[in-house]
Amino acid sequence: EAVTVLKKVEEVYQVRFEMEEAAFGGAAVDLYGTPLPEHTFSLCEQADAVLLGSIGGPRWDSLPPEKRPETGGLLPLRKRLDLFANLRPVKLYPKLRDFCPVKVDDRELDILVVRELSSGIYFGSPREYSDQYGLDTMVYKSEEVRRIAEVAFTAALNRGKKVCSVDKSNVLASSRLWRKEVELMSSNYPDIAVTHMYVDNAAMQLILNPHQFDVILAGNLFGDILSDEAAVLAGSLGLLPSASFGSKVKLYEPAGGSAPDIAGKGIANPVAQILSAAMMLEYSFDMVEAADNVRKGVEKTIQAGIVTGDITKNQGVSTKEMGFSIAENIISGV
Ligand code: IPM
Ligand code: MN
């Protein structure tokens, strides 16, 4: 559906995207026996942008780590493309207020989760697994914290000028370093109000009073967890897009998973994927107006009550119908 939308953008803005597809994750395991084939990686590396579909599912869960879509595909892809910064914007559409599981007032709910994506416990070694024990390593280097903190502070400058940095520095050494570096970095941004919050409290505060947050800055694991929580505040995990960048090509992917429970039914919510494409238009192609128009297309469709099953109590429309309606609602100059 994101491609359908991009085709509409081509029409409206008289541009042409050269699109190439490559298998990744479970699809690549089935075709080539590996979740990240070299030709897929080199296509990504050479592209101007990567638009990624969600991966993984129970069919591939019991494979060895290097063959699993997540640990053998997505993580190596993020690492090899040096995608250290992951932006996950959470916005509650007025029409979806009923689907917000907590009490929100009339103020806009607009949170940006900035998640560190290429380090932390996802990548630390040693990692060991045996019948008797499992071992993971949570490690952050100063430089890694500084560069992601910079992303969060810079993003906040163009938003509500608040950064809430999340850690567990009352227990974890890696978090103590995290907090120290964020604190040091904050002196370069006198206009930004920085706060620090333990992750357990942050999980609670998101439910108690989500309006207090502007930019949430978190490490890999905490950002993963809190972004799912923040996403359902906006109505559904199926709405949350993301953009990842580092020193090379930028990558755009829905923040939610592949929803294996509804795979093949044609009812998944395509909005996260479509909004990821909108982020691609903005950040990789400098097509800010087109990106805004895609977002408006999404908003118009949702406001018209055209939604997939995850965000309606009635029967939702199909993935295809949703994508079609959004594409229809993309008009130039709006
Ligand atoms: C995400 C996903 C991934 C992650 C999984 C699929 C490995 O949950 O992008 O948030 O944990 O990073
Ligand atoms: Mn996740």
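Indexing begins at 1, ligand by ligand and atom by atom, following the structure's order.
Looking only at protein heavy atoms, the nearest one to atom 11 (O) of ligand 1 is Tyr122 OH, 2.5 Å. Regarding atom 10 (O) of ligand 1, its nearest protein heavy-atom neighbour is Asp224 OD1, 2.9 Å.
Not a single heavy atom of Arg68 sits less than 4.0 Å from an atom of ligand 1. Contact annotation: Ala255 has at least one heavy atom less than 4.0 Å from an atom of ligand 1.
With hydrogens and angles disregarded, no donor-acceptor distance shorter than 3.5 Å links the side chain of Lys250 to the backbone of Ala49. No donor-acceptor distance shorter than 3.5 angstrom exists from the side chain of Arg179 to the backbone of Ser165, with no hydrogens or angles considered. The backbone N or O of Ser318 lies less than 3.5 Å from a partner atom in the side chain of Glu321, making a donor-acceptor pair.
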Report task. Take Asp82 and Lys248 through the salt bridge (charged side-chain N to carboxylate O under 4.0 Å, His left out) test and state the conclusion after the steps. Result -> CA-CA 7 Å; Asp82 187 34; Lys248 299 174 186 165; over 6 Å; no

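Salt bridge status for Glu38 with Arg80: present, with a side-chain N to carboxylate O gap under 4.0 Å. Salt bridge absent: Asp191 and Lys161 never bring a charged side-chain N and a carboxylate O closer than 4.0 Å.
The heavy atom nearest to atom 12 (O) of ligand 1, considering only Arg78, Glu70, Glu253, is found in Arg78.
Where the criterion is an N or O separation shorter than 3.5 Å, residue side chain and backbone included, Arg88 meets it with respect to ligand 1. Taking any N or O of Arg115, backbone or side chain, at least one lies under 3.5 Å from an N or O belonging to ligand 1.
Looking at Leu217 and Trp178, their side chains come closer than 4.5 Å, going by heavy atoms from C-beta outward.
Residue pairs satisfying the ring pair (Phe, Tyr, Trp, His ring centres under 6.0 Å) criterion with at least one member in residues 89-110, sequence neighbours excluded, are absent.
The count of protein N, O or S atoms under 2.8 Å from the Mn ion (ligand 2) stands at 1, with waters excluded from the count.
Taking the six-membered ring where tryptophan is involved, the planes of Tyr252 and Tyr283 are essentially parallel, since the angle between them stays under 30° and well short of 60°.
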